[in-house]
Amino acid sequence: MNARLEVDLGAIEANTRSLVDRLAPRGIRVTGVTKASLGSPGVGRAMIAGGAHGLGDSRVENLTRLGAAGIDVPLTLIRSPMTSQVDAVVRHASTSLNTEISVLEALSRAASRLGTTHAVVLMVELGDLREGVVASDLVPLALDVAALPGLTLAGIGTNLACQSGVVPDQTNMCELSRLADEVERAVGARLCVVSGGNSANVGWALDSPDTGRVDDLRLGEAILLGLDPLTRLPIAGLRTDAMALAGELIEVRDKPAQPWGVMGEGAFGAPGPRPGRGLVRQGVLAVGRQDVELEGLRPPSGVTVLGMSSDHLVVDLGDVTAAVGDELRFGVGYGGLLRAMTSPFVDVVELRATGLLARDAGTVEVPGASSSRSRCSTVPGAP
Ligand SMILES: *Cc1c(COP(=O)(O)O)cnc(C)c1O
């Protein structure tokens, strides 16, 4: 049997609910980010059932998949559109994150041609050095958007941590709030969206004495893995078992703990030292780097990961009783999750191990948000 990625939709719903319920009193909505699941409609629905007000994905193909499955919450493209894809973006996303005027002009033409409006969130660079315009370019760009037909300025946002590991804190988040005020004064309209960032913002958002104007977070890893990307430690109250990779043992032999012979590099660089001495019960699974990453791979208790090449995962089975043909289940990190979802050799199986009652996504009220909602009624797909 192929390796299998088991996705527990109940755990995803529970994690979303936990975050939504703790962030709502702080005036922050959750946009569930589905990109690590390649825009799986099952994952998207679980996030919506857990209270996510919309879904985001970095690839328009994934948003198209969500839309084709009949999901009708606001869909946001969270990567700047490719100029070559603006038609598809306008068709399949209600909103996109943007930084480039030429792309915005192309979106404007596409929206006009298709007789619709497209909402725009402008991304500002606050130090992590990935996407975003520097603060001094934000107001001029916002004024440009306000003047373009077919586009509405939904708001502003930023993204930290992903590229350089810059931590979202009171300083950079206050700067985002200040910029929201500045843009509003310049364009003379209320912004519906001040999107503070990704899963790396959760710690700040839950602890901050004042979350300012931030009213949205785009959350993937925290929901899917229950981990804080800044530390890769579990976030309190979240389940870390929503994703598991099951692989099949194809060899189980007692072997020396240590290799012998003259040593050069392995298939993927110099291997680290192997632990142990004497004989070990070594297992080889039909899973490799084509299917998952070594980093973040969590073996079952009593089992130690010894190494992995393209198609073989080698473990020390310790005292665990397992025979050829048996399966072992591993936890995965974010990179491993991406790869498992993308590998043609891994079957993705969505299940519901816990019978959580699905609640209606529409029932979560954000305190204090209703007035800004009504003033933002021109934005397509706005809550
Ligand atoms: C991937 C991504 C997210 C979600 O990141 P997580 O760490 O998985 O929460 C949010 N925003 C942008 C722009 C992204 O690219």
Side-chain angles (χ1 to χ4, degrees), residues 7 12 15-16 18-20 23 28-40 43-44 46-47 50 52-63 74-82 89 93 95-100 103 120-133 154-168 172-173 176 193-206 214-235 238 240 242-243 296 332-342:
V7 181
I12 290 171
N15 281 355
T16 312
S18 170
L19 290 162
V20 164
L23 291 169
I28 297 175
R29 302 176 301 254
V30 171
T31 296
V33 173
T34 54
K35 68 190 183 200
S37 70
L38 311 190
S40 151
V43 168
M47 289 172 166
H53 88 111
L55 299 177
D57 202 291
S58 43
R59 296 175 192 259
V60 72
E61 293 85 349
N62 293 344
L63 293 177
L75 299 180
T76 300
L77 182 69
I78 62 171
R79 181 174 72 180
S80 181
M82 286 186 240
V89 172
T95 308
S96 59
L97 310 186
N98 285 270
T99 61
E100 291 288 353
V103 174
V120 166
V121 171
L122 294 177
M123 295 296 276
V124 60
E125 174 63 71
L126 292 180
D128 198 56
L129 296 179
R130 204 180 67 180
E131 75 273 42
V133 301
I156 66 170
T158 195
N159 195 70
L160 296 171
C162 286
Q163 180 69 24
S164 310
V166 170
V167 176
N172 44 43
M173 288 297 106
L176 185 67
V193 180
V194 181
S195 190
N198 54 54
S199 294
N201 285 65
V202 168
W204 166 80
L206 294 177
V214 173
D215 59 17
D216 171 82
L217 291 180
R218 312 173 301 272
L219 303 182
E221 182 168 355
I223 292 174
L224 299 174
L225 298 179
L227 299 178
D228 180 342
L230 293 171
T231 57
R232 294 269 134 74
L233 292 172
I235 297 174
L238 298 189
T240 55
M243 304 283 173
V332 292
Y334 193 74
L337 172 62
L338 270 181
R339 201 168 301 177
M341 283 284 183
T342 313

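Both counts, for ligands and for their atoms, begin at 1 and track the order of listing.
- Ligand 1 has no N or O atom lying under 3.5 Å from any N or O atom of M123, backbone or side chain.
- A donor-acceptor contact closer than 3.5 angstrom is absent between the side chains of N159 and D128.
- Side chain of N201 to backbone of N198: a donor-acceptor contact under 3.5 angstrom is found.
- Here L219 has backbone heavy atoms under 4.0 Å from ligand 1, and that is the only part of it that gets that close.
- Atom 9 (O) of ligand 1 has S199 OG, 2.5 Å as its closest protein atom, hydrogens excluded (heavy atom only).
- Proximity of E131 to ligand 1, defined as any heavy-atom pair under 4.0 Å, is confined to the side chain (atoms from C-beta onward).
- Closest protein heavy atom to atom 12 (C) of ligand 1: N159 OD1, 3.5 Å.
- A side-chain contact (heavy atoms from CB on, under 4.5 Å) with I78 is found for one member of S96, S58, S195 and no other, namely S58.
- From the protein, the heavy atom lying nearest to atom 5 (O) of ligand 1 is N198 CB, 3.4 Å.
- Atom 8 (O) of ligand 1 has as its closest protein heavy atom E221 N, 2.8 Å.
- Environment of CZ in R79: crowded, with over 12 heavy atoms of neighbouring residues, nucleotides or ligands closer than 6.0 Å.
- Using a 4.0 Å cut-off between heavy atoms, R130 contacts ligand 1 through its side chain alone, with no backbone atom that close.
- Under a 3.5 Å cut-off, the side chain of D57 and the backbone N or O of K35 do form a donor-acceptor pair.
- Below 4.0 Å from some heavy atom of Y334 lie the following atoms of ligand 1, by number and element: 8 (O).
- T158 contributes atom OG1, which lies 6.5 Å from atom CD of E125 (distance to the nearest 0.5 angstrom).
- The heavy atom nearest to atom 10 (C) of ligand 1, considering only K35, Q163, R218, is found in R218.
- Residues meeting the salt bridge (charged side-chain N to carboxylate O under 4.0 Å, His left out) test with E221, sequence neighbours left out: R232.
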